[in-house]
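Letters A, B, ... mirror the listed sequences (proteins, then strands); counts begin at 1. Quick note: numbers below take in every heavy atom, side chains included, and nothing from hydrogens, waters or symmetry partners.
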Protein chains: 4
Amino acid sequence: MSTTNTGPGAQSRHVTAILDAATRRFAQTGYHGTSMRDIGAEMGMHAGSLYVHIRSKEDLLDAIVWDIAQSTERRMEAVLAAGDTPVDKLRTIAEEHLRWVAANPDAATVYFHEWRHLKGERLERVKAARARWTRGLRDIIQAGIDEGAFKPMDVRLAGLAFVGMLNSTYRWLRPDGDLDTAEIAGTFMDFLLHGWAAG
Amino acid sequence: MSTTNTGPGAQSRHVTAILDAATRRFAQTGYHGTSMRDIGAEMGMHAGSLYVHIRSKEDLLDAIVWDIAQSTERRMEAVLAAGDTPVDKLRTIAEEHLRWVAANPDAATVYFHEWRHLKGERLERVKAARARWTRGLRDIIQAGIDEGAFKPMDVRLAGLAFVGMLNSTYRWLRPDGDLDTAEIAGTFMDFLLHGWAAG
Amino acid sequence: MSTTNTGPGAQSRHVTAILDAATRRFAQTGYHGTSMRDIGAEMGMHAGSLYVHIRSKEDLLDAIVWDIAQSTERRMEAVLAAGDTPVDKLRTIAEEHLRWVAANPDAATVYFHEWRHLKGERLERVKAARARWTRGLRDIIQAGIDEGAFKPMDVRLAGLAFVGMLNSTYRWLRPDGDLDTAEIAGTFMDFLLHGWAAG
Amino acid sequence: MSTTNTGPGAQSRHVTAILDAATRRFAQTGYHGTSMRDIGAEMGMHAGSLYVHIRSKEDLLDAIVWDIAQSTERRMEAVLAAGDTPVDKLRTIAEEHLRWVAANPDAATVYFHEWRHLKGERLERVKAARARWTRGLRDIIQAGIDEGAFKPMDVRLAGLAFVGMLNSTYRWLRPDGDLDTAEIAGTFMDFLLHGWAAG
DNA sequence: TATGAATGAGGATTCATTCAT
DNA sequence: GATGAATGAATCCTCATTCAT
């Protein structure tokens, strides 16, 4: 996976390589559709050899997903703490989001698609992190309404619309596309703020 | 799966029951995370007994997905043929879409999540159908621009925004929700047409 | 395994056959030295096919060991309840024990050798049953001392000597031996009661 | 393992430490239930590092078992050569045996439990040594009968009773027990010579 | 001397599927 | 129509062992 990781979660080069390979395969064939042999083959390695470096297949999914969940949450906290307007906050989120998706389409696919194959406590942890992120988003939107930047509207639906638009980009946004991500984010924000209607 | 099917694709009551069970399980644990035994258990039947009625597991996924793809496409054709404005066409699509998602959340999950586990020709067939649907959507948006209802904009991005907002509803829209689907569709259309900005 | 089983633990013919095969192999190569493939081969079956009838390898060991533990305990209860002298009680135990070992040398080997590879609650259950049996034995010996049939002695050591002599027979006692089991049991009881010393 | 070894089989301090670790683990989880990693962990070492000092896992079992088999046989030879009575010979054997078991319960467990997992020639070698030991024991008993110390009896059964009583002590005899080993050996010899019967 | 990494075989178990009954 | 039994391949993972460093 490509999110920078030099903090406490820093891993050996080997583990990083395995996580990268796993991310690619999970993105392509899904968690349950990917075998450890597939991941090994991606690295020119036997399936069993992977276990020199990792403990289980689910550990891989968890490492990939949880790492993203955490940095996503940290970004939200930073945005919330920043001293700008709700509109600018949303713009920042959209831009960063699309930039990250374009740079890490496989990781994004795993994060949005495969996280639910986690089990037990790990699943709950990720769900909780996502819920906190969503709450942050709603707070921003609510602030926008409160200060008169947005018209009165259902915050929950507004948040879901925003998330739906942004998160679905992992299905088509690729780093080599013709439009740059800032441009796309700008267009999406324009749709959301002013709509399609002429005049 | 619950879309009515009395046309050429009509199936025995047994097959329908199996498809329903498979839809539920595929939605919950994914195609590769679901075993034939799981599906059998869902019906109080042994895994092997399923093969009296069906030919393979992939047949199940294909039947579920292809049936939805086809009716989705037929609806698009009907909408395109109707004599109303682009805005009304989009409104119709949104309303029908959300109504169907709310009524068939499992089928929707399979359709949006699991279709990519199809292989070969079946996968291509579904991709093609989705592409045709997307093209129809873009045609409507383009018509809206052409006749001055929408401001000039990137049709592709507009389509992706629309689809992203609509398709992501399968993650949270449930039949027993407090808001009715027409209301939600209306709100979403309002977001898209006029945006959030006050004034 | 060969102990008759028509009570609540009665199993399908298939399971019985698997348990017999497992008993033979566990006795010969030990629990951990026996693979499911070995057991399958013993039955002309593939390893995976065993799982049509059983749930796990440890289930096999548990079924074998627990069944013996239970019938052993039931026999002890019957002996304790019988209205004869301590000496006769011990004689009965020795005779039945040797008869059973000779008839079921593999089951005996598993029972005395492999039971400790059980884990968790299953291990505890078996330990507890063995402890109850040992307590029964000591009670008999103590009764013998109390009523003056035996000289005063360390009951614990006496019990361990008895058990050591009896239980070790699984190493050499075979159904086709030249001495019959009643004779051997008689000799052992004579050793224990009167010793080797001449005069 | 803890039997002193300064003769031809003398090993490097490392090998001795590995043998000790292996003895402990083999005693606890059995030969096949113990992995090289387990043994390494017991020494704070990686599994692969063991191979700097040893050649194979089976070598470990063989070294442990064969070393005991040899010193056991040497002791038997010494006892046979001594100029005392059969009764005293047996008493010596019992005392030494129990003292060694109490001091080396793990080694004893491996010797009595795990030796049969040896293969081929190594297995035969150990079997032969045990057979020679057993023959020595019978010779002593036979001598006791011949000189009138013991009553006429089946020498084979007498030997098996003696061995059964002695060898089973590895299951319960621990160095920290309340009874000292000489006392226990004395009690066992008293059981064997004079029996339990009062008067 | 010890490590970290790798291997290839094999461990228990589950899989989709078949077929006689 | 459904079952119980079986298959053979594949699942995740552990094994004893090797070897460059």
Side-chain angles (χ1 to χ4, degrees), chain A residues 12-15 17-18 31-40 43-61, chain B residues 12-15 17-18 31-40 43-61, chain C residues 12-15 17-18 31-40 43-61, chain D residues 12-15 17-18 31-40 43-61:
Chain A
S12 88
R13 195 142 298 162
H14 287 280
V15 175
I18 293 174
Y31 176 69
H32 284 301
T34 299
S35 72
M36 293 307 282
R37 198 195 281 181
D38 290 336
I39 298 173
M43 311 186 57
M45 213 182 226
H46 288 229
S49 305
L50 298 170
Y51 289 85
V52 172
H53 309 286
I54 63 154
R55 274 221 302 266
S56 74
K57 188 186 174 188
E58 211 198 344
D59 270 15
L60 290 179
L61 181 59
Chain B
S12 88
R13 195 142 297 164
H14 287 284
V15 175
I18 294 174
Y31 176 68
H32 284 301
T34 300
S35 72
M36 293 305 282
R37 200 199 273 185
D38 290 335
I39 299 173
M43 312 185 55
M45 213 182 224
H46 288 222
S49 306
L50 299 170
Y51 288 84
V52 173
H53 308 286
I54 63 155
R55 272 214 305 264
S56 74
K57 189 185 175 188
E58 212 200 343
D59 271 15
L60 290 178
L61 180 60
Chain C
S12 87
R13 194 143 298 162
H14 287 281
V15 174
I18 293 174
Y31 177 68
H32 285 302
T34 300
S35 73
M36 293 306 282
R37 199 193 280 178
D38 290 336
I39 298 173
M43 312 185 55
M45 213 182 224
H46 288 228
S49 305
L50 298 170
Y51 288 84
V52 172
H53 308 285
I54 64 154
R55 275 220 301 265
S56 74
K57 189 187 175 187
E58 211 200 345
D59 270 15
L60 290 180
L61 182 59
Chain D
S12 86
R13 196 141 297 163
H14 286 286
V15 175
I18 294 175
Y31 176 70
H32 285 300
T34 300
S35 72
M36 293 306 282
R37 200 199 274 184
D38 289 335
I39 299 173
M43 312 185 51
M45 212 183 224
H46 287 221
S49 307
L50 298 172
Y51 288 84
V52 173
H53 309 286
I54 62 155
R55 274 215 305 264
S56 75
K57 188 186 175 188
E58 212 201 343
D59 271 15
L60 290 178
L61 181 59

Q: Side-chain contact test, heavy atoms from C-beta onward, threshold under 4.5 Å: evaluate it for B:Met36 versus B:Ile54 and give yes or no.
A: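 Side chain of B:Met36 against side chain of B:Ile54, heavy atoms only: contact under 4.5 Å found.
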
Q: Is the phosphate of F:dA2, meaning OP1 or OP2, less than 4.0 Å from a side-chain N or O of B:His14?
A: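 Yes, B:His14 has a side-chain N/O under 4.0 Å of OP1/OP2 on F:dA2.
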
Q: When the distance from CD1 of D:Ile18 to P of F:dA16 is rounded to whole Å, what number comes out?
A: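 Whole-Å distance recorded here is 14 Å.
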
Q: Mapping A:Asp38 and C:Gly44 onto DNA chain F by nearest heavy atom, which one lands closer to the 5' end?
A: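 Whichever sits nearer the 5' end wins; that is C:Gly44.
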
Q: Taking any heavy-atom pair under 4.0 Å as a contact, classify C:Ser49: base, sugar-phosphate, or nothing.
A: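 Base, at least one base atom sits under 4.0 Å.
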
Q: Strictly distance-based, threshold 3.5 Å: is any side-chain N or O of B:Lys57 a donor or acceptor partner for the main-chain N or O of B:His32?
A: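 Here the side-chain-to-backbone pair does not exist.
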
Q: Calculate the interatomic distance between C:His32 atom NE2 and F:dA16 atom C1'; express it in whole Å.
A: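 That distance rounds to 16 Å.
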
Q: Heavy-atom nearest nucleotide on DNA chain E for A:Met45 versus B:Gly33: which residue maps closer to 5'?
A: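 Upstream on the strand: A:Met45.
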
Q: Heavy-atom nearest nucleotide on DNA chain F for D:Ser56 versus A:Thr34: which residue maps closer to 5'?
A: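 In this pair, the answer is A:Thr34.
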
Q: Defining pairs by Watson-Crick or G-U wobble geometry with both distances under 3.5 Å, how would you list the stems of DNA chain E with at least three pairs each?
A: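 Only these stems qualify: E:2-21 with F:2-21.
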
Q: B:His14: which residues meet the ring-ring contact (aromatic ring centres under 6.0 Å, His included) condition with it, sequence neighbours left out?
A: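 With sequence neighbours excluded, B:His14 shows a ring-ring contact (aromatic ring centres under 6.0 Å, His included) to B:His53, given in chain and number order.
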
Q: Exactly one of D:Leu61, D:Ile39, D:Leu60 should register a side-chain contact (heavy atoms from CB on, under 4.5 Å) with D:Thr34. Which one does?
A: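 Answer to the side-chain contact (heavy atoms from CB on, under 4.5 Å) test with D:Thr34 among D:Leu61, D:Ile39, D:Leu60: D:Ile39.
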
Q: Both B:Tyr51 and C:Met36 contact DNA chain E. Taking the nearest nucleotide for each, which residue is further toward the 5' end?
A: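 This one resolves to C:Met36.
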
Q: Quick check on F:dG4: is either OP1 or OP2 less than 4.0 Å from any side-chain nitrogen or oxygen of B:His46?
A: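 Answer yes for this pair, as a side-chain N or O of B:His46 is under 4.0 Å from OP1 or OP2.
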
Q: Below 4.0 Å from chain C heavy atoms, what is the first contacting nucleotide of DNA chain E and what is the last?
A: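 Reading along DNA chain E, I get E:dG11 to E:dT14.
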
